[in-house]
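Model, not experiment: these values are computed from the prediction. To find a chain, count down the sequence lines: A is the first, B the second, and so on, and within it residues start at 1. Only this structure's heavy atoms are used, side chains among them; waters, hydrogens and symmetry mates stay out.
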Amino acid sequence: MDHIQLLNDKIDINLIHQLLIDQSCGACSVFLGTTRDNFEGKNVISLEYEAYENMALKEMGKICTDLRVRWPSLKHIVIYHRLGIVPVSEVSVVIAASAPHRVAALESVNFAIDQLKSRVPIWKKEVYEKDLIGEWKANVECPWPHKLVQIRVDDSELNRRVKCFLKRKRDEINLYNIHDFKQLSTNTELADSSESEVKYSCARTQSSLVKQQQSKSHLKVRREIDNSGPHVRPNYSSQLNKLTTAQHYKNDSFENSMLRNSRLRNIEEYMCVTSDGDNILNRIKNIENKILLLESISPEYKYFIQFGTDLKRNNHRKTKKEIYMSDRLNEFISNLKREFGR
Amino acid sequence: MERDTSFVNINVLFFAKSRELAKTSRAEFTVKSVLIARNLLNQLIDRFNLNTISNNLILAHNENYIENLDTEINLQKGDEIAVIPPISGG
C-alpha cells in the first residue's frame, strides 16, 4: 500500500513503522530528512515548509507508481512531508519502503528521495540568525531554471567521472547490441512447454535455454537457431554470380561497371534480346541462344558472319559440298530454260 | 479553421517567493483561451511584479507541469495555473 501525506504535526516514526510491517517482508528501509542548524556557515533559526498541496500529493503518488514499476517486489511505501515551521533537528520528511529483500527497499528509497527533491512542489524557507528576512531555498535536483553547471573538482576526480560516464555508456551500448542481436523466437511450440521454462537466449548462438531443474545456475540448451555455419547450404548460383561479376571489377569506379553493362546492353539491343536482370551469365546465355536460333532458321547466316580468315581456312574442307545462293540458282535455272527453250 | 480568440477567466496560484512578490497566494486573471505558455508567463510576470525571479519560474496547468514553455496551451474557464519557483522539498 502507498501511504502519502502532508502534515503539520510532528512525524511519529513508530507510526510509520506500523504502516510498513508485513509478514512477507524481510527488509524495511527508512529515510528521515531532518532540519539542519546551519547552511554555508550561517546559523539557521527556523525552517518553514510550504506546498502546492494538491499537486504535491499527486506528484508523490506518481513517485510511488514509478517505484512499483522499477521495483515490483515492494510491499508498502510511505512518503510523509511535514509542512509549516519545523524546528531544527526534527524530521521534515520520511521516505520508507518494505520489501521481501533489502536491495529493493534500499534502492527504492534512495531513488524516491531524489525524485521528491526534483519534482514535488514543496518549498523551504530558511531564516538565519543574522538575516531575519529569510531565504527561499532551491534544490540542486530541481531541473529549472536551466543553468550551466560548473564542476569544481580537481583533475583526478574529473577524469574519474569521465571514465565512469564512458564505461556506463559503453555498457549501455553493449546491452542494446545484445538486445538487438538476440531474437527471441515466437514459436508456438514453446507455448506448450511447461510453466517452469524460462525463455533465455544466448546472444552468440541464438539458442533458447531452459533452467535445469534443481539447479539455480545451470541452463540446458533446448533449441538452436543458427542461420550461418557449415550445416547451412549456401546459394551456389548467387555466390558464383557474385564471383564472376563483381570480383574483377571491385576496384573499378562506378563508371567502368556502367560501361561494361552498356556494352552488353548494346549487344542485347542489336540482337533483339531482352535483358535478363543482373545475372551476367544468364544474359550471355540468352544472347548465345538467340544466335543459335538465327543460325537454325537461316543456314547462310553462319557463313555471312564468318570472318574472312575463317572462310579461307575452311575452303579446302568445304570444296566437296557446295552451297548455292538463291540468286545463283535463279541464274542457273534461267540458263537451263534458255538452253532447253532454244 | 476559425481560431478561438475568446478570453477566459483563470485562477492563478502563487508560491514561495512569487507569493511574497505578488503579495497574494491566489488571484483571478483574464487571458486568451489559446496561447503559448511563455506568453502567459510573461503576462503574469508583468502583472504581478515577478521580474526579479522571472528567469527561474515554471508553470503548472491543472496540477501538471508545463514542461516546454514554447508549446501552446488551451485554457478553459476556471483552470488553475500555478507559478512555481525552484522547489526545495525534502
Asks: Taking the side chain as C-beta and beyond, is there a heavy-atom pair between Arg82(A) and Val91(A) under 4.5 Å?
Replies: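 Sidechains of Val91(A) and Arg82(A): no contact.
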Asks: What part of Lys117(A) lies closer than 4.5 angstrom to a heavy atom of chain B: side chain, backbone, both or neither?
Replies: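 Both backbone and side chain of Lys117(A) come within 4.5 Å of chain B.
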Asks: Given that the side chain runs from C-beta out, which part of Asn62(B) has a heavy atom under 4.5 Å from chain A: side chain, backbone, both or neither?
Replies: backbone
Asks: Compute whether any side-chain donor of one residue and acceptor of the other, for Asn14(A) and Gln18(A), lie under 3.5 angstrom apart.
Replies: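 No.
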Asks: Against chain B, label Glu59(A) side chain, backbone, both or neither, depending on which of its atoms sit under 4.5 Å from a heavy atom there.
Replies: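 Contact with chain B is through the side chain of Glu59(A) alone.
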Asks: Within the structure provided, determine whether Trp136(A) and Ile53(B) are in side-chain contact (heavy-atom separation under 4.5 Å).
Replies: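 Side-chain contact under 4.5 Å: no.
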Asks: Give, as side chain, backbone, both or neither, the part of Ala56(A) having an atom under 4.5 angstrom from any heavy atom of chain B.
Replies: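 Neither part, no heavy atoms under 4.5 Å.
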Asks: Can you tell me which of Gly89(B), Gly90(B), Ser88(B) forms the most heavy-atom pairs within a distance under 4.5 Å of chain A?
Replies: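 Among Gly89(B), Gly90(B), Ser88(B), the one with the most close pairs to chain A is Ser88(B).
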Asks: Using a distance-only test with no angle check, is there a side-chain donor-acceptor pair under 3.5 angstrom linking Gln43(B) and Arg47(B)?
Replies: no
Asks: Distance only, no hydrogens: is a donor on one side chain within 3.5 Å (strictly under) of an acceptor on the other, for Asn174(A) and Arg170(A)?
Replies: yes
Asks: For Lys58(A), which atoms come within 4.5 Å of any heavy atom of chain B: side chain, backbone, both, or neither?
Replies: side chain
Asks: Measure Tyr52(A) against the heavy atoms of chain B and call it side chain, backbone, both or neither at under 4.5 Å.
Replies: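 Both the backbone and the side chain of Tyr52(A) come within 4.5 Å of chain B.
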Asks: Are there more than 12 heavy atoms of other residues, nucleotides or ligands under 6.0 Å from atom CD1 of Ile133(A)?
Replies: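 Result for CD1/Ile133(A): open.
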Asks: Please classify the contact of Ile84(B) with chain A as side chain, backbone, both or neither, using a heavy-atom distance under 4.5 Å.
Replies: both
